[in-house]
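Count residues from 1 along the sequence. Note that these values count all heavy atoms, side chains included, but never hydrogens, waters or copies made by symmetry.
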Amino acid sequence: MISEMVSVPADRLTLSGDFVVPDASRATVLFVHGVHTSRHNPATQSVAAELHRAGFGTLAMDLFSETEGRRPEAMGERRVDIDMLGRRLIAAVDWLKAQPDTRTLPVILFAAGAEAAAALTAAAALPDEVSAVVSWAGQPELADAVLERIRVPVLFVEGGEDPEDLRSSRRTAERITGPHAVREVPGASHRLQEPGALDRAAAVIEEWFTEVRRPAP
């Protein structure tokens, strides 16, 4: 197993990430952070550990450099530059495709909040390099301009106890012409903070990815 902190060049900056590749990995999940959370978020670490056990590699990274710092205090939600974050995420995908241990593996983008919109923006630009996107309690509607251009499979994961976010994800999913699904985690709120909610969410993601990667009969 590979487990190391890495530096990813992007947008004339260097972005930090935590890179883990189990033996015989099935795919690489790129966890996207930077606007409201960092890659050290306990929820990310919990889901990543579950995915490692299931045979997935992960790259958890921040889309702002250490010199820039996190931006929630300086940037209101309406001022988040989704296109800029998308460019940095594209650079991260390019980095994964250049690594000997991950270059042939499918790449899944996994993001919450505004970062989910950046993931969708990158997926629209890289239909051959990105295999799927998971929007986890995200704000995918911020990717309004690219939704109809997305061709890769997209999964929206929401807590079953948050009906408004479920409705919002369903409205956004209807605009995507590629394969898509909305899955709820029973008994969980928007941020999936209840005991066991993250493990259930990881199981939903693993099951869905197995479905979309299954060869057609």
Side-chain angles (χ1 to χ4, degrees), residues 2-21 25-41 44-45 47-48 51-52 56-72 74-75 77 79-136 138-140 142-147 149-155 176 178 209:
I2 297 171
S3 180
E4 59 186 0
M5 192 173 80
V6 296
S7 297
V8 178
D11 219 11
R12 291 184 285 186
L13 296 167
T14 300
L15 307 178
S16 298
D18 297 318
F19 188 43
V20 179
V21 185
S25 288
R26 303 161 55 187
T28 308
V29 178
L30 203 172
F31 287 93
V32 187
H33 293 280
V35 178
H36 294 293
T37 62
S38 81
R39 70 186 192 278
H40 303 300
N41 185 307
T44 293
Q45 294 177 343
V47 173
L51 291 173
H52 297 157
F56 291 85
T58 60
L59 171 61
M61 64 176 297
D62 297 312
L63 293 184
F64 290 110
S65 69
E66 293 181 3
T67 56
E68 291 175 298
R70 282 177 52 210
R71 295 299 183 89
M75 298 174 65
E77 206 59 70
R79 297 179 57 199
V80 175
D81 189 338
I82 299 299
D83 289 338
M84 179 269 286
L85 296 181
R87 290 195 304 272
R88 295 184 180 189
L89 188 48
I90 287 169
V93 174
D94 290 343
W95 184 88
L96 280 173
K97 289 298 183 180
Q99 305 310 304
D101 294 288
T102 55
R103 61 168 53 126
T104 62
L105 297 178
V107 175
I108 308 167
L109 305 183
F110 188 112
E115 291 93 321
L120 291 171
T121 299
L126 299 174
D128 296 325
E129 287 80 18
V130 173
S131 294
V133 177
V134 177
S135 171
W136 172 36
Q139 294 175 288
L142 296 178
D144 179 74
V146 305
L147 291 174
R149 291 167 38 207
I150 296 168
R151 300 291 181 266
V152 305
V154 180
L155 173 66
I176 295 175
F209 185 68

Checklist entry - Does Val20 reach the side chain of Ser3, with side-chain heavy atoms less than 4.5 Å apart? => result yes

Checklist entry - Considering residues at least two apart in sequence or located in another chain, which fulfil the salt bridge (Lys or Arg N to Asp or Glu O under 4.0 Å) criterion with Arg39? => result Asp18, Asp62

Item to check | Which atom of Leu85 lies closest to which atom of Ala118, heavy atoms considered | outcome: CB-CB, 3.7 Å

Checklist entry - In Å, rounded to the nearest 0.5 Å, how long is the span from CG of Asn41 to NE2 of His33? => result 5.5 Å

Checklist entry - For Ala10, does its backbone N or O pair with a side-chain atom of Arg88 as donor and acceptor, under 3.5 Å? => result no

Checklist entry - At their closest point, which heavy atom of Ser65 faces which heavy atom of Leu15, and how far apart are they? => result N-CD2, 3.6 Å

Item to check | Asp94 CG to Glu129 CD distance, which is reported to the nearest 0.5 Å | outcome: 7.0 Å

Next on the checklist: For a 4.5 angstrom cut-off between non-hydrogen side-chain atoms, does Val6 reach Leu59?
Outcome noted: yes

Checklist entry - Sub-3.5 Å donor-acceptor pair from the side chain of Ser38 to the main-chain atoms of His40, do we have one? => result yes

Next on the checklist: Less than 4.5 Å apart, side chain to side chain, heavy atoms only: is that true for Trp136 and Leu155?
Outcome noted: no

Checklist entry - Closest heavy-atom contact between Val8 and Ala91? => result CG1-O, 4.3 Å

Checklist entry - Can you say whether the rings of Phe110 and Phe31 are parallel (under 30°), tilted (30 to 60°) or perpendicular (over 60°)? => result tilted

Checklist entry - For Leu89 and Leu30, what are the C-alpha separation, side-chain angles and deciding distance, and is it a side chain to side chain contact (heavy atoms under 4.5 Å, CB included)? => result CA-CA 9 Å; Leu89 188 48; Leu30 203 172; 3.8 Å; yes

Checklist entry - Can you tell if the side chain of Val107 reaches within under 4.5 Å of the side chain of Lys97, non-hydrogen atoms only? => result yes

Checklist entry - About how many Å separate CG of Leu142 and CD of Glu115, when rounded to the nearest 0.5 Å? => result 10.0 Å

Checklist outcome for this item: Scanning both residues in full, the closest heavy-atom pair of Ala111 with Ala119 reads CB-CB, 4.2 Å

Item to check | Non-hydrogen side-chain atoms of Val47 and Thr58 separated by less than 4.5 Å | outcome: no

Next on the checklist: Test of understanding: with side chain to side chain contact (heavy atoms under 4.5 Å, CB included), list the residues that count as partners of Thr28, not counting sequence neighbours.
Outcome noted: Leu96, Thr102, Leu105

Checklist entry - Rounded to the nearest 0.5 Å, what separation is found between the CZ atom of Arg26 and the CZ atom of Phe56? => result 3.5 Å

Next on the checklist: Please find the pair of heavy atoms, one from Ser131 and one from Val152, that lie closest to each other, and give the distance.
Outcome noted: O-CB, 4.0 Å

Checklist entry - When rounded to the nearest 0.5 angstrom, what distance separates CG in Leu109 from CG in Leu126? => result 8.5 Å

Next on the checklist: Can you tell me how far apart CG (Leu63) and CG (Leu13) are? Round to the nearest 0.5 Å.
Outcome noted: 11.0 Å

Checklist outcome for this item: In terms of heavy-atom contacts, Ala122 and Gly86 come closest through CB-O, 4.1 Å

